[in-house]
Peer 1: 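First the structure, which I've put down as structure tokens, then a few questions once you've had a look.
All of these numbers come straight from a predicted model, not from anything done at the bench.
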Amino acid sequence: MSESQQNQGQPASPSPPPPAPVQLTPGPRASRLQDIYTKALRATLKANSYENFASCFPTPARHVPASLESVHRQLNAKLEEGATAEFNEIIKEREVIKGLNELDRLVGEARRRKSQEESESDVPPHMLDAEGLYKAHLTPYLQEAQVALSAKIETAQSQNAALAEKVLAQRKEIELLLSGLEAVMADLEGSAKTSTKYSKAHNLRQESLQIDEEMKMQTDS
């Protein structure tokens with residue numbers, strides 16, 4: 001007997017087929033998450049506009065506006081770059097895209113099965129065909145899938161809350177950076193005032209010496 005005939009004589013394996021691989025391209029929920037984060041980050045950076053930034057440092061804004069504007073651009077660029085890199089690292093480390101894509105698949109499958117159940121609910125049990133009876137036996141599995149889906153939704157919500165905390169932390173970091181820069185500018189203003197006072201005292205001393213020289217010359221003559 002050939003190998004193919006032997007295989008035909010054996011019963012088919014009862015194991016279910018392996019699940020379809022989860023797509024790594026961002027699906028609807030993953031795309032929405034990225035869109036929400038991008039908008040939140042832009043709103044945060046927009047709040048740190050140059051007008052608001054310059055109002056905190058009136059002296060540099062009046063005397064060196066180009067330099068202050070350059071500092072503002074570099075600060076915003078650095079904050080955006082750091083926040084985006086950290087967000088992408090969290091997405092990659094926790095496999096958020098994979099999890100949200102799986103959630104999309106489960107939700108779609110649950111909706112499809114619910115729609116099929118609603119369309120078949122009007123049929124009496126004794127009138128169901130073989131496929132209908134088979135699907136009727138899937139009710140416990142669907143209930144378990146619903147529980148698993150709820151757990152995944154709670155996990156996604158907790159991850160979203162963690163991301164929101166990251167955004168708030170970035171905002172606090174911006175405030176700390178602005179506070180530090182304001183202290184530096186205050187030191188610079190103090191140094192400038194000290195230099196001005198020294199310059200005035202030096203001029204007065206020079207004038208006094210000049211008057212003394214003139215009086216000596218008049219006395220000698």
Side-chain angles (χ1 to χ4, degrees), residues 7-8 10-48 76-174:
N7 292 335
Q8 291 177 356
Q10 295 176 353
S13 175
S15 301
V22 179
Q23 185 179 6
L24 297 181
T25 303
R29 283 177 171 77
S31 299
R32 181 59 177 164
L33 174 63
Q34 292 176 339
D35 183 58
I36 291 174
Y37 176 78
T38 300
K39 290 181 179 178
L41 180 59
R42 288 178 180 175
T44 301
L45 296 176
K46 186 177 181 181
N48 186 31
N76 276 5
K78 188 66 176 178
L79 290 175
E80 183 177 7
E81 179 183 356
T84 302
E86 187 171 357
F87 175 78
N88 292 334
E89 183 64 24
I90 293 174
I91 292 292
K92 180 180 179 181
E93 179 181 349
R94 300 189 180 183
E95 298 183 342
V96 175
I97 294 178
K98 181 179 179 180
L100 291 178
N101 287 351
E102 177 65 12
L103 179 60
D104 289 334
R105 187 188 68 80
L106 291 175
V107 170
E109 185 176 351
R111 288 175 178 173
R112 178 179 59 80
R113 290 179 177 177
K114 182 179 180 181
S115 177
Q116 291 178 352
E117 287 179 356
E118 290 177 351
S119 63
E120 296 172 356
S121 59
D122 297 334
V123 181
H126 66 278
M127 296 294 293
L128 292 175
D129 55 9
E131 184 178 1
L133 291 173
Y134 172 75
K135 290 181 178 180
H137 286 288
L138 290 178
T139 301
Y141 168 77
L142 293 176
Q143 293 175 347
E144 293 179 0
Q146 184 177 4
V147 173
L149 178 61
S150 299
K152 287 182 176 292
I153 291 176
E154 292 179 359
T155 301
Q157 291 175 344
S158 64
Q159 290 176 346
N160 291 339
L163 292 175
E165 291 179 359
K166 290 290 183 180
V167 173
L168 292 177
Q170 292 293 332
R171 290 182 179 177
K172 291 182 180 179
E173 185 178 356
I174 291 174

Peer 1: Working to the nearest 0.5 Å, report the span between CG of Leu79 and CZ of Arg171.
Peer 2: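 That separation rounds to 12.5 Å.
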Peer 1: If you measure from CD on Gln34 to CZ on Arg29, what distance do you get to the nearest 0.5 Å?
Peer 2: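 Interatomic distance, Gln34 CD to Arg29 CZ, rounded to 0.5 Å: 14.5 Å.
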Peer 1: Heavy atoms only: give me the nearest Pro28-Asp104 pair and the separation to one decimal.
Peer 2: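 Looking at all heavy atoms of both residues, the closest pair is CD-OD2, 3.2 Å.
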Peer 1: Quick one: closest heavy-atom pair of Ile90 and Lys166, and the distance?
Peer 2: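 Residues Ile90 and Lys166, closest heavy atoms: CD1-CE, 3.8 Å.
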Peer 1: Could you walk me through whether Val96 and Leu163 satisfy the side-chain contact (heavy atoms from CB on, under 4.5 Å) test, starting with their C-alpha distance in whole Å, then the side-chain angles of each, then the deciding distance to 0.1 Å, before giving a yes or no?
Peer 2: CA-CA 11 Å; Val96 175; Leu163 292 175; 5.8 Å; no
Peer 1: Among residues two or more places apart or on two chains, list those pairs meeting side-chain hydrogen bond (donor to acceptor under 3.5 Å, both in side chains) that have a residue in residues 145-162.
Peer 2: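 Counting only pairs at least two positions apart or across chains, no side-chain hydrogen bond (donor to acceptor under 3.5 Å, both in side chains) contact touches residues 145-162.
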Peer 1: Hey, is the main chain of Ser31 close enough, under 3.5 Å, to the side chain of Asp35 for a donor-acceptor pair?
Peer 2: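 No, the answer is negative, given that no donor and acceptor are paired below the 3.5 Å cut-off.
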Peer 1: For Thr44 and Gln170, run side-chain contact (heavy atoms from CB on, under 4.5 Å): C-alpha distance rounded to whole Å, both residues' side-chain angles, the deciding distance at 0.1 Å, then the answer.
Peer 2: CA-CA 9 Å; Thr44 301; Gln170 292 293 332; 5.9 Å; no
Peer 1: Are the side chains of Leu41 and Val167 in contact, using a 4.5 Å heavy-atom criterion?
Peer 2: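 A side-chain contact under 4.5 Å is absent here.
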Peer 1: Quick one: closest heavy-atom pair of Asn101 and Gly27, and the distance?
Peer 2: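 Distance-wise, the nearest heavy atoms are OD1-N, 2.9 Å.
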Peer 1: When you check the gap from the basic side-chain N to the acidic O, do Glu102 and Arg105 get nearer than 4.0 Å?
Peer 2: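 Salt bridge: yes.
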Peer 1: Tell me, which pairs form a ring-ring contact (aromatic ring centres under 6.0 Å, His included) where one or both residues lie in residues 79-106, sequence neighbours left out?
Peer 2: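 Listed once each, the pairs are Tyr37-Phe87.
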